[in-house]
J.: 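This is the structure I want to talk about, given as C-alpha cells.
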Amino acid sequence: MRSHGCGDLRSADAGRSVQLCGWVDRRRDHGGVIFIDLRDRSGTIQVTVDPDRGDGAFAAAEQLRSEYVLQIQGTVRQRPSDSLNERLATGEIEVLAETITVLNTVKRTLPFAVSVHDDENVREELRLRHRYLDLRRERMNGNLRLRHKTIQTARHFLEAEGFIEVETPVLTRSTPEGARDYLVPSRVNGGEWFALPQSPQLFKQLLMVGGLERYYQVARCFRDEDLRADRQPEFTQLDMEMSFTTQEQILALNEGLIAAIWKAVKGIELPRPFPRLTWAEAMERYGTDRPDTRYGLELVNVSDIVATSGFKVFSGAVASGGAVKVIAIPGGNDALSNVRIKPGGDVFSEATTAGAGGLAFIRVREGGEIDTIGAIKDNLSETGKAELLRRTGAVPGTLLLFGAGDTATVNKALDRVRQSLAKELGLVAEGRANDAWNFLWVVDFPMFEFNAGEHRLEALHHPFCAPNTDDLGADPAAWAERLPGARAQAYDLVLNGLELGGGSLRIHDSALQRQVLQTIGLPLEEAERQFGFLIEALDLGAPPHGGLAFGMDRIVMLLAGEDSIRDTIAFPKTQQARCLLTGAPAGVATGQLEELHVASTWVDPQ
RNA sequence: GGGACUGUAGUUCAACCGGUUAGAGCACCGCCCUGUCACGGCGGAAGUUGCGGGUUCGAAUCCCGUCAGUCCCGCCA
C-alpha cells in the first residue's frame, strides 16, 4: 500500500515516485494550491496538490478534512528555496500528489483535536473514552514507544545475561496475605475459584526449583485495591529470579539493567554503583523506606537532648519509647509564616494528616537566640540549646520543625512535611524538566512488621524472603525466638522517592519456611494447606535463589516525565476501576452465572 | 469507607457580590484566496451551564442530593 513512511523521506529522495498512507493532520487550502500535512507514525510530510496537475487529485483534496485516511501517489521534490520548513524533519521536501485515494473519512465530530500542532490539555475522561484517538496523538504515541523501547532493552539485556523468558499462569490459586485478589469462578469445578496473580512470586521460585536458573518475564499482575495515580488494578512487572547467586550479584546485575535502559531511552550514563542505605538508616534520616535523596532536609533525632526536658510533649514521647525528631529548614523563618505551621495551617495539616498530634517549632534568631513558645524555651538548658543548634546545623534564619510521639508516627509526619516543603521551596524540579536521577538501594529491611489492628506480625515484603543469617543464628531451635526481630535479605530500588522495584533472597529450606509462616500467625496445618506445594518443592532439591521485580509502569512514567501511569498504559482504567472505552466491568447474562455456579448478592441501591 | 477539587458550545477556557441577550480562542459550516506550514480574509452556525430538587422577583453563580473524572487518606508493596 505504501512505499515509504511520511517522516522518512529526505532531500536525497527528490525525484522519487512514492506511495504514502496516513492521516490528514492539517489542510491548508489556498483556493489554488492545497497543502496537506500527511501524518503516519514515522512523522509528517507536506503533500502539495496543484490544480493544474494530477488526475482528479485536486477535486479530492478540496473535500479532505482532519483525520481522513489517505493513500497518496506522488513524486518527491525539493521545495522552493524560500519555502523550507526548518521545524519539520521533512521540511526541505514535499510530495506533489498525482493520485489521492480516500481510504476512510471522519463521519462525526472529532471529540478533540489530534493534530501534532494541538497540544491542549484535553479532559482525561474524553481521552479515555476515545483512547484510540488519544493514542494517535504525539504524546501517547511517544509514551507507548518509549515503553516498548524500555521493555525491549530489558529483554536484550537479560537475554545477554542468560535469562530465559517463561510465562506463568494467570489463573492460579488465591493465597492469604497481601492485596485483595481478583477471583474467577471455575465452571468445571463448581464452587471453586481461581485468583489472578498479584505477582508470579511462587511460580518463579518453582522455576528455580525447576532448574531454569535464570528466569524473567514481563508479567501482568492484578490487585483488587483502590487506585492511585501510580496504581492500576492490572499492572506490569519486569519479574526475574536467579539461582546460585548472592545479593551483591543481584544488585549489580540490576544496576546494569537499569543503566542499560536509561542509556537506551535517555542517552544518560548512570553513575554506578548506586548508593545504598539500610532500611534503619533510611527511616532514621528520612522517616521513610523510600527517601527522595535529591535534597537534604534530613530528619535529626534529638530525643536524647530533650529526654529530661520539662516540656512533657518531648520528654513524654521519649519516656514512652518514642522519639523527638527535627527538620531544619534553612531560611525557613522567612519562607514559612507562623500561620502555616500553627494549628489550621497547611504545613501543620501535613503533619496531623499523618497522625501527629502537632508540630512544635523553634525559630533561630541572630546570636543563636531562639524564638518559640515558653514551654519549650523555658525547659531547654543552655547546653541543650547549644547541642540542638549544633546537631541540626541551625543558623540564624533557620526554622526547626519538631515531631514528637511514637517513632512511626513521627517519621510519617516529618516525611510528609519534608516532601511538601521540598516541593514548595523548589528543591525538586517538577515534571518533565526533571533531570536528576537519584537511584538508591534500600537494604536490610526487617522481616516483619507489627500489625496493631490484627495484633500480629506481618511479612514486610512477603513471607518467602530469607532472613539475614547472622540475625537468625545457626541453631534452628532458636529460630522462633530470633525470627521476629531479624532483618531480611531484601532490597528495594528507589528513584527520587518512588519505589521502582524490590526483591530478596528466598528461603530454600522447608523448615525455615514453615517457621516463617508460623511467625506471621499461620498455623502449621494451614501453612501446609496453602503453601504445601512450595514446601514440598523446597524439600526436593531447591537451590538457593533470589530475585527482584520492577514496576514497569512507574519506570516508564518517570522516563516519560508523566505524573500518572495511566499515561504509559494503552488502555488504563479510571480511579473507579472502569474502562471508559469498553464500559467494563459490565453485567452478564444470568445464564452465564448459572453455568459458573455463581449467584450475585448485589442489590441495586435504586 | 472518608476528605478535597473539577464539570459551561465539538474542544480549551471566561462570565465580578445572584441581575436581565452566557462570551472568547481553536475546531466546524459557507464564500474568497496559487507557496502556505498553528496560512490568511469575510460571514455563519453552534449551549438542557453534568443531572435532579430547593432558596430567590431572578441561579452557571447560593443550598441539598446525585452522577462522572482527578488528587489524597484508609487500603495496597
Side-chain angles (χ1 to χ4, degrees), chain A residues 25-38 44-53 58 65-67 79-88 90-91 94 96 106 108-130 133 177-181 198-199 201 221-233 235 237 289-290 346 349-350 352-355 412 416 420 442 445 449 451 453 458-462 465 490 492-494 498-504 548-551 554 563-564 566 573-576 578 580 605-606:
Chain A
D25 191 80
R26 257 186 157 75
R27 186 184 68 122
R28 290 177 294 281
D29 185 346
H30 285 249
V33 68
I34 295 174
F35 299 106
I36 301 157
D37 288 343
L38 191 69
T44 64
I45 189 167
Q46 174 166 284
V47 174
T48 304
V49 190
D50 192 317
D52 308 324
R53 306 175 59 174
F58 189 79
R65 298 293 179 269
S66 291
E67 298 310 307
R79 292 193 187 192
S81 57
D82 58 346
S83 296
L84 306 182
N85 186 345
E86 290 173 6
R87 288 184 299 163
L88 211 58
T90 58
E94 63 190 0
L96 183 64
V106 173
R108 46 183 99 195
T109 308
L110 282 171
F112 50 85
V114 177
S115 167
V116 295
H117 300 294
D118 211 311
D119 54 358
E120 264 184 343
N121 279 328
V122 179
R123 192 149 40 101
E124 189 166 10
E125 199 177 339
L126 263 189
R127 291 173 54 204
L128 293 179
R129 186 155 287 143
H130 304 278
L133 283 182
E177 290 278 304
R180 201 174 288 117
D181 285 320
Q198 296 179 24
S199 79
Q201 180 61 37
C221 306
F222 306 86
R223 292 176 191 169
D224 187 4
E225 297 292 346
D226 287 347
L227 283 67
R228 289 286 189 280
D230 61 353
R231 289 190 343 217
Q232 284 273 304
F235 59 99
Q237 282 188 350
D289 59 7
R290 45 182 175 89
D346 62 321
S349 303
E350 285 291 341
T352 51
T353 300
K412 198 173 173 189
R416 282 187 64 106
S420 75
V442 177
F445 278 76
E449 174 177 57
N451 181 325
E458 272 180 343
L460 199 66
H461 272 86
H462 52 63
C465 295
D492 274 2
L493 182 62
V494 173
L498 283 179
E499 181 198 326
L500 293 192
S504 65
L548 185 144
F550 288 112
R554 281 186 196 174
D563 292 325
S564 163
R566 290 186 302 277
K573 291 177 179 56
T574 68
Q575 194 167 49
Q576 294 304 312
R578 284 197 165 278
L580 294 182
Q606 304 301 314

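To find a chain, count down the sequence lines: A is the first, B the second, and so on, and within it residues start at 1. Since the model is a prediction, treat every value here as computed from it, not as a measurement.
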J.: Checking A/F35 now: which residues fulfil ring pair (Phe, Tyr, Trp, His ring centres under 6.0 Å) with it, not counting sequence neighbours?
T.: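 Per chain and number, A/F35 pairs via ring pair (Phe, Tyr, Trp, His ring centres under 6.0 Å) with A/H30.
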
J.: If I pick the P atom on B/G52 and the same atom on B/C57, what distance separates them, to the nearest angstrom?
T.: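 Taking atom P in both B/C57 and B/G52, they lie 23 Å apart.
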
J.: Syn versus anti for B/C28, judged by chi lying within 90° of 0?
T.: anti

J.: Which part of the nucleic acid does A/Q576 contact within heavy-atom distance under 4.0 Å: base, sugar-phosphate only, or nothing?
T.: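 Sugar-phosphate, backbone atoms only, no base.
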
J.: Distance check, P atoms only: B/G40 and B/G25, in whole angstrom units.
T.: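 Pairwise P distance, B/G40 against B/G25, rounds to 13 Å.
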
J.: For atom C1', what is the distance between B/C29 and B/C13, given to the nearest Å?
T.: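 Between the two C1' atoms, the distance is 23 Å.
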
J.: Could you tell me how far B/C5 sits from B/G10 if I compare only their P atoms? Round to whole Å.
T.: 27 Å

J.: Searching all strands shown, indicate the nucleotide that pairs with B/A22 (Watson-Crick or G-U wobble; both distances under 3.5 Å).
T.: none

J.: Suppose you measure atom P in B/U12 against the same atom in B/U8; what distance do you get, rounded to whole Å?
T.: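 That atom pair is separated by 7 Å.
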
J.: Answer yes or no: side-chain N or O of A/Q46 and base N or O of B/U36 forming a donor-acceptor pair under 3.5 Å.
T.: yes

J.: For A/A229 and A/R87, take the nucleotide of RNA chain B holding the closest heavy atom to each; which residue's nucleotide lies nearer the 5' end?
T.: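 Looking at the nearest nucleotide for each, A/R87 comes out on the 5' side.
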
J.: State plainly whether the residues A/R290 and A/E499 are in salt-bridge range, i.e. N to O under 4.0 Å.
T.: no

J.: Closer than 3.5 angstrom, by distance alone: can the side chain of A/D29 be matched with the main-chain N or O of A/G31 as a donor-acceptor pair?
T.: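 It does hold such a pair.
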
J.: For B/C28 and A/T109 - does any side-chain N or O of the residue sit under 4.0 Å from the phosphate oxygens OP1/OP2?
T.: no

J.: Checking all strands, does A/L580 fall into the base, sugar-phosphate, or nothing category for heavy-atom contacts under 4.0 angstrom?
T.: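 Sugar-phosphate: the residue A/L580, judged by heavy atoms under 4.0 Å, touches backbone atoms but no base.
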
J.: Quick one: label A/R79 by what it contacts on the DNA or RNA (base, sugar-phosphate, nothing), any heavy atom closer than 4.0 Å.
T.: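 Base, at least one base atom sits under 4.0 Å.
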
J.: So, taking the atom named CZ in A/F235 and the one named CG in A/L227, what distance separates them when rounded to the nearest 0.5 Å?
T.: 11.0 Å

J.: Hey, is the side chain of A/K412 poking within less than 4.0 Å of OP1 or OP2 on B/G74, counting only N and O atoms?
T.: yes

J.: Does OP1 or OP2 of B/U36 have a side-chain N or O of A/R27 closer than 4.0 Å?
T.: no

J.: Please work out if A/L88 contacts a base, only the sugar-phosphate, or nothing of the nucleic acid, heavy-atom cut-off 4.0 Å.
T.: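 A/L88: no heavy atom of the nucleic acid under 4.0 Å.
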
J.: Just compare B/G74, B/U12, B/U36 and give me whichever is closest to any side-chain atom of A/R123.
T.: B/U12

J.: Below 4.0 angstrom, N of the basic side chain to O of the carboxylate: do A/D181 and A/R223 qualify?
T.: no

J.: Categorize A/S83 for me: base, sugar-phosphate, or nothing, with a 4.0 angstrom heavy-atom threshold over every strand shown.
T.: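 Touches a base.
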
J.: Below 4.0 angstrom, N of the basic side chain to O of the carboxylate: do A/E124 and A/R566 qualify?
T.: yes

J.: Just compare B/G30, B/C75, B/U34 and give me whichever is closest to any side-chain atom of A/E225.
T.: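 Nucleotide nearest to A/E225's side chain: B/C75.
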
J.: Are A/R28 and B/C39 close enough that a side-chain N or O sits under 4.0 Å from OP1 or OP2?
T.: yes

J.: Toward the 5' end of RNA chain B, which comes first, A/L227 or A/S564, by nearest nucleotide?
T.: A/S564

J.: Any strand is fair game: report the nucleotide pairing with B/C71 by Watson-Crick or G-U wobble, both distances under 3.5 Å, or none.
T.: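 B/G3 - that is the nucleotide pairing with B/C71, both distances being under 3.5 Å.
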
J.: Could you please name the option among B/U34, B/G74, B/C72 that lies closest to any side-chain atom of A/D226?
T.: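 Closest nucleotide among those given: B/G74.
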
J.: Determine whether a donor-acceptor pair (one donor, one acceptor, N or O, separation below 3.5 Å) exists between the side chain of A/R228 and the base of B/G74.
T.: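 Check passes, donor-acceptor contact within cut-off.
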
J.: Of the nucleotides B/G69, B/C37, B/C39, which has the atom closest to the A/H30 side chain?
T.: B/C39

J.: Under 4.0 Å, counting only non-hydrogen atoms across every strand here, what does A/G91 touch: a base, just sugar-phosphate, or nothing?
T.: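 Here A/G91 touches no strand at all.
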
J.: Students often get this wrong, so: under 4.0 angstrom with heavy atoms, is A/P111 touching a base, only sugar-phosphate, or nothing?
T.: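 The residue A/P111 makes sugar-phosphate contact but no base contact.
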
J.: OP1 or OP2 of B/C37 versus the side-chain N and O atoms of A/R26: is any pair under 4.0 Å?
T.: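 For B/C37, OP1/OP2 do not have a side-chain N/O of A/R26 under 4.0 Å.
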
J.: So which nucleotide does B/A46 pair with, by the Watson-Crick or G-U wobble rule with both distances under 3.5 Å?
T.: none

J.: Quick check for you: among B/C28, B/U36, B/A77, whose closest atom lies nearest to any side-chain atom of A/S66?
T.: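 So the nucleotide nearest the side chain must be B/C28.
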
J.: What contact category does A/R223 fall into here, base, sugar-phosphate, or nothing, at under 4.0 angstrom with non-hydrogen atoms?
T.: sugar-phosphate

J.: Looking across every strand, which nucleic acid part, if any, lies under 4.0 Å from A/A113 by heavy atom: base, sugar-phosphate, or nothing?
T.: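 Touches nothing.
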
J.: Considering every strand and a 4.0 Å limit on heavy-atom distances, what is the contact class for A/R290: base, sugar-phosphate, or nothing?
T.: nothing

J.: Scan A/D492 against the nucleic acid and name what it touches under 4.0 Å (heavy atoms): base, sugar-phosphate only, or nothing.
T.: nothing

J.: How would you label the contact of A/L84 with the nucleic acid (heavy atoms, under 4.0 Å): base, sugar-phosphate, or nothing?
T.: base

J.: Roughly how far apart, to the nearest Å, are B/A9 and B/G47 at atom P?
T.: 10 Å

J.: Which whole number of Å gives the distance between the P atom of B/G53 and that of B/G30?
T.: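 So the two P atoms sit 39 Å from each other.
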
J.: Which whole number of Å gives the distance between the C1' atom of B/G58 and that of B/G65?
T.: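 About 23 Å, rounded to a whole number of Å.
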
J.: In the strands shown, is B/G40 matched to any nucleotide by a Watson-Crick or G-U wobble pair with both distances under 3.5 Å, and which?
T.: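 With both distances under 3.5 Å, B/G40 matches B/C32.
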
J.: Checking all strands, does A/E499 fall into the base, sugar-phosphate, or nothing category for heavy-atom contacts under 4.0 angstrom?
T.: nothing

